[in-house]
Amino acid sequence: MHFTINGQHHEVEADIRTSLLDLAREHLGLTGSKKGCDHGQCGACTMLVNGRRINSCLTLAVMHQDDEIVTIEGLGQPDKLHPLQAAFVSHDGYQCGYCTPGQICSAVGMLDEAKKGWPSHVSADLTDAPLDDHEISERMSGNICRCAAYPNIVDAIAEVAGLSDEQRQPEREVAA
Amino acid sequence: MLGLEKLFGGDDTNALKMDEPHPESLLDTGAQDVIGKPLDRIDGPLKVAGRATYAAEYDLDNVAYGFLVGSTVGKGKVVDLHAEIAKAVPGVIDVITDYKTFLRNPGQGGETKSPTQGVESVDYWGEPVAIVVGESYEAARDGAYRLQQAIDFETKEGRYNLDAYRDEAKTPPPGVIPPDYKQGDVEKALAEAAVTLDATYDTPSQNSAAMELHASIASWDEDGRLTIHGAYQMPSSDRQQLADALGLSKDKVRIIARYVGGGFGSKLGIAPESVAAAVAAKTLGRPVKAVMARQQVFDATVRRSDTEQRVRLGADADGRITAIAHETLGSNLPGEGFFEPTGASTHFVYPGENRLITHRVVELDRLLSGSMRAPGEAVGMLATESAMDELADKIGMDPIELRRRNEPEQDPQKQVPFSTRQVVPALDKGAELFGWDKRKGVAEDRRGEWFHGLGVATAARSNVLQPSAAKVTIDGQGRAIVETDMTDIGTGTYTILAQITAEILGLPIEVVTVHLGDTDAPPGAGSGGSWGAGSSGSSVYLACEALRKQVADKMGVAAETMTMKDGRVIADNRSVPLAELVGDGMSATGEIKPGKQEKETTQASYGAHFVEVAVNAVTGEVRVVRMLGVFAGGRILNEKTARSQCIGGMVFGIGGALTEEIVHDPRNGRVANRDLAEYHVPANADVPQIEVHFLPERDVHANPIHAKGLGELGISGAGAAIANAIHNAVGVRVRSFPITLDKLLDGLPPV
Ligand code: FES
Ligand code: FES
């Protein structure tokens, strides 16, 4: 099988049952994508495939031979962090760090979805759904963080999204 | 001898037993000004870039993949494994089991002996009985699934239901607290009290659900030494558990756990995949990687026990408590000594001359119960802090006022002083910041479809000091290296140990390197019981104190007269670069041990929780709208990571109050909701912005760094504040946790 991951080409011999997540972790040494459930329930394995966020544990590698795949390793390096990676550090948007690569890849995908105007479950208006804290929380709820860095994760993403305090907390009927 | 060693830059050991208070701290006199600061985690860039390596992420040559096979009966015996069925699967190398050696139960924290071994006998559903090893993960998993369906078990009658066996409850052996405590005459005091409360609460089994799955890569070298890259909270005792299980001396086992993806108790002891991987690796002569599936983590690691708690309070007309009874029931596997110390904080949080605190355990054939974040307080305070709210209601008193009137002057049982205690200041500060004065009466704050309510609870969590050792080296370039087998499970250990070192040795934090989670380094306290920062931080403190003396000797001055800052040593009108004084380098080991101080004072961290909820008037759906905590835990070593610890605990409180519940199948004890879709831990949308405030504090009785635990304080009482807020919102008192909407519906105010 052949893959393009983080702009690099790989030829791999793998079982056809290999998930995209296991391909990265077990065959390519890209262990930044994490396995928290292997069932699409936690988001730790989130990668960007053709720019969209997906749970890489729920898809077979063999299906993605012609796709553009980006993992956390492709977003930035420890000494050259992507703005979201840097914001997660400065806002302490993690504790153990295990869900973190998935959170960050998910946030990249989510911000792009928001930019395209896609509404979410909590959007009051389906054609006009500006990002605020509530939208961010909802849209990031596919990524579980058992350490519960959620408030800090929202802070980090809101900063990168360039939201002002007023934009983050607009009036709503139920603040929850 | 010591002098000679110092002369040659050798090692020296600075040991301290906390028999006396330690009023002075080098952290107060340090000049670097990094301690307490909200610095970013030093391990942060690696974590966010996906370069921090967790247990299953080491690339070992020729590794084979192991997948555990769990029992499909609740109690019984393996009759025939039918290994041939898995062996026939292409890519499967072998099916390995060792009925005597494999772990039947996972280990408890801090134990140095092996947990119960022997897997021919099945004691709970999902008990791992074999491991299938394959050339690929896919092959091993396939073989394991096929095998699991094929194994012949003899089924025995089991006990799966707490209710059915409550009459056979046993008194467990003493644990972190004694099972029973009695003082005065509770029955008489209750009979004479002006106001009484008698309420029974229950809490279900829970799972820590750390995001990283339990995992081990086992490899043996030619000398018969086993290395486990594993997910552990306490490597130094885990190594002993492993060694004992495998019949090795502890020097023959090395654990590496540099990054741990959360633990919350579940990784305190060893889990079954470790021994299975070790045996398989030995048998096959190649490394074996075994990662438990999420479902297996639910089936066969530890759960928090379900509890049933009867709380009785008696008070005089002014609300002063005269009697307090907390009688608790939990469950565990037969023969396991651990009991959920549900009454842990009941011993000291409130006064009352007449006291009764009991723990009973019903033996059930369900997976092991053990420690999960704040064992004891997390569930115990759901009950006691709800009960305080109920008592306040009965008296018609503000719940904060009730707590104020019940602020003991000293430990009500041991009659010793509290080392520090700031419950009332925390309540006061929280009340002001939260706007407690705007709280309305029960079901009086309706806004559209939602009722709003405010709730409060006290937070308290005992402080513990554990023996801990660390070595600190200053190398020839004047950089510091910290080494201990202590772990960072998200707690911020890497960063706070670097801050302590930087503060005392006067170094920019960038030149301090911290190596954790390798048992080749001095044994640290491990991460558990909120003791990590205080214990391992103190060991690093002591090592740095010894280094300061070594440096002072080189400088020819007394250590007390010397200032260390920005890599320079200043004394005697001289300012010398540290690198120039240390020659080829120098090192020292620090060792802290608990002493008389823990008996002469009662040590705990305290605080107050404030919560606003919205309850849907029609559906009973509960949303946590605001949450605020005020905490006092001694010195705060890093304001940023400390705040995160508290938030993490508070969110666990949301889970415990509203959603988390293991459902045991009553027919076989099996965990019916064994994944993250069915066992709901709080997601981002369940969590509002959370405010955390710290009260300034130093605890000179706790340790030389004057810091106490925080990781579990945030959960202790948090869920009760939610329950109390729900009662304020809609007037329904739910005593059976979690408070799901079906329990609210019948009692909601008429629409
Ligand atoms: S590992 Fe893919 S969603 Fe959990
Ligand atoms: S940082 Fe630990 S699970 Fe999110």
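To find a chain, count down the sequence lines: A is the first, B the second, and so on, and within it residues start at 1.
Between A:Arg168 and A:Asp155 there is a salt bridge, with a side-chain nitrogen of the basic residue lying less than 4.0 Å from a carboxylate oxygen of the acidic one. Ion pair A:Arg17/A:Asp15 flagged as a salt bridge, since at least one NZ, NE, NH1 or NH2 atom sits closer than 4.0 Å to an Asp/Glu carboxylate oxygen. The existence of a salt bridge linking B:Glu660 and A:Arg146 is confirmed by a sub-4.0 Å separation between a basic side-chain nitrogen and an acidic carboxylate oxygen. Between A:Lys34 and B:Glu212 there is no salt bridge, since no side-chain nitrogen of the basic residue lies less than 4.0 Å from a carboxylate oxygen of the acidic one.
Using a 4.5 Å cut-off between heavy atoms, B:Val681 touches chain A through backbone and side chain atoms alike. Residue B:Arg626: no heavy atom, backbone or side chain, is found under 4.5 Å from chain A. Looking at A:Ile104, only its side chain comes within 4.5 Å of chain B, counting heavy atoms on both sides. Contacts of A:Asp133 with chain B are made by side-chain atoms alone, with heavy-atom separations under 4.5 Å and no backbone atom involved. Only the backbone of B:Ile489 comes within contact range of chain A, judged by heavy atoms closer than 4.5 Å. If you measure heavy-atom distances from A:Gln169 to chain B, the contacts under 4.5 Å come from the side chain alone. Heavy atoms closer than 4.5 Å to chain A are found nowhere in B:Tyr259, neither backbone nor side chain. In this structure, the portions of B:Asp675 lying under 4.5 Å from any heavy atom of chain A include both its backbone and its side chain. Contact annotation for B:Ala209: both backbone and side-chain heavy atoms come within less than 4.5 Å of a heavy atom of chain A. Looking at B:Pro682, the atoms closer than 4.5 Å to chain A (heavy atoms on both sides) sit in the backbone and in the side chain alike.
A donor atom on one side chain and an acceptor atom on the other are not found under 3.5 Å apart for B:Asn638 and B:Thr495. Remark: the A:Asp92 side chain and the B:Thr641 side chain contain no N/O donor-acceptor pair separated by less than 3.5 Å. Donor-acceptor pairing under 3.5 Å is lacking for the side chains of A:Thr71 and A:Ser33.
Of all the listed residues (B:Pro688, B:Gly263, B:Ser644, B:Ala56), the one sharing the greatest number of non-hydrogen pairs under 4.5 Å with chain A is B:Ser644. When each of B:Gln645, B:Met650, B:Arg373 is checked for heavy-atom pairs under 4.5 Å with chain A, B:Gln645 comes out on top. Comparing B:Arg41, B:Arg51, B:Lys47 by heavy-atom pairs within less than 4.5 Å of chain A, the highest count is held by B:Arg41. In terms of heavy-atom pairs under 4.5 Å with chain A, the best-connected choice from B:Met211, B:Arg141, B:Lys289 is B:Met211. With respect to chain A, the highest number of heavy-atom pairs below 4.5 Å among B:Asp686, B:Leu213, B:Val651 belongs to B:Leu213.
The side-chain heavy atoms of B:Ile636 and B:Leu710, taken from C-beta on, include a pair separated by under 4.5 Å.
B:Tyr137 carries A:Lys35 over the face of its six-membered ring, with the cationic atom under 6.0 Å from the centre and within 45° of the normal.
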